[in-house]
Amino acid sequence: MHVRGLGLPDETEVRLWIVDGRISLEPVAGADTVFDGGWILPGLVDAHCHVGLGHHGETELDEAIVQAENERDVGALLLRDCGAPTDTRSLDDRDDLPRIIRAGRHLARPKRYQKGFAVELDDESQLPVAVAEEAKRGDGWIKLVGDWIDRSIGDLAPLWSDDVLAAAIDTAHAHGVRVTAHVFSEDALPGLIKAGIDCIEHGTGLTDDTIALMLDHGTALVPTLINTIENFLGIADGAKRYPTYAAHLRDLHARCHGRIAAAREAGVPVYAGTDAGSMIKHGRIADEVEALKGIGMSPTEALGAACWDARRWLGRPSLDHGASADLLCYSTDPRQGPGVLNQPDLVILRGNVFRP
Ligand SMILES: [Zn+2]
């Protein structure tokens, strides 16, 4: 089959042929034209979601499949799974589901993350060994819980000492995998960034100093804006026994737009992730793209953060000759907003056409 339209970000003509599930940039005789005019994009990327994670942790595989289908139907064809307790490896055999880049299971300490989500290490010195173990389960990423409420002090606090983080991140890099961490507060950031972490998730507690550290170390940021904006106040309201923690969350919520905007303005690479899989429903990447416009990204940059730029960062191809034919066709400019971006005219995954 054959498709023709405008590519982004350059707005130049794209002509692709699809043969045996792969893209050909060279004409193929006798191909059916299935789309002509409009815009053609590589499949969208949700750079922070969870397939096989529900409100209480592990899910049935059937539920994980529905989560992945919901992502596919809105055009999210490459998912960076930021930690899941369910083994979803068998989903890789299915031609109809998005590609998943896994980060193994979350690594945390007892009572220092949501119950049922993480591998909980009794002693922090176990972290490097646990990292080596999760490196085998994942697809090139490790997920740490960087901070969480410490009920003994009633506030957010780091889970790991700086030297343990340095050893754990060195171990991950020696295994050829990158590391990211859940971080809400200010205090956990310096230790993680100085230890050479590759990415920060959420990052609501960024300061000018930690933004400068991220620039020095080349650290990326996936702010999951829709999750923090929609959920922090509700979490604070539910934390009546921990008023310091609740006040801290409210303060982070009030300032996070400005802090994430400052990080982007300074030059920290920012990518789109929804955090779907517990409080956020799957299939909302278009809402995150819209939210990224609110931190100063142009419509093209915000879309790139969920598409071609994210693919490059994750080491996955876009509309390249020989790449898997994972692409989207839109008759209307997908930069217009979620109403368009969410509803591709065609979703083509591994060369198979889906019409949502
Ligand atoms: Zn998450």
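These numbers were taken from a predicted model, which means no experiment stands behind them. As the structure lists them, so they are numbered: ligands from 1, and atoms in each ligand from 1.
When the side-chain hydrogen bond (donor to acceptor under 3.5 Å, both in side chains) test is applied to H282, no partner is found at least two apart in sequence or on another chain.
For a distance threshold of 2.8 Å, the protein N, O or S atoms nearer than that to the Zn ion (ligand 1), listed by chain and number, are H48 NE2, H50 NE2, D275 OD1.
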Give the table of side-chain donor-acceptor pairs shorter than 3.5 Å for residues 184-192, with sequence neighbours excluded, one pair per line with atom names and distance.
{"from": "S185", "atom 1": "OG", "to": "D147", "atom 2": "OD2", "distance (Å)": "2.6"}
{"from": "E186", "atom 1": "OE1", "to": "H248", "atom 2": "NE2", "distance (Å)": "2.8"}
{"from": "E186", "atom 1": "OE2", "to": "R255", "atom 2": "NH2", "distance (Å)": "3.2"}

Using a 3.5 Å cut-off and no angle test, enumerate the donor-acceptor pairs between side-chain atoms of residues 56-68 and protein atoms at least two apart in sequence or in another chain.
{"from": "Q67", "atom 1": "OE1", "to": "G52", "atom 2": "N", "distance (Å)": "2.7"}
{"from": "Q67", "atom 1": "NE2", "to": "L53", "atom 2": "O", "distance (Å)": "3.0"}

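D155 and T244 share no side-chain donor-acceptor pair at under 3.5 Å.
Relative to the six-membered ring of W141, R80 meets both conditions, a distance below 6.0 Å and an angle of at most 45° to the axis.
Looking at R72 and D326, no side-chain N of the basic residue comes within less than 4.0 Å of a carboxylate O on the acidic one, giving no salt bridge.
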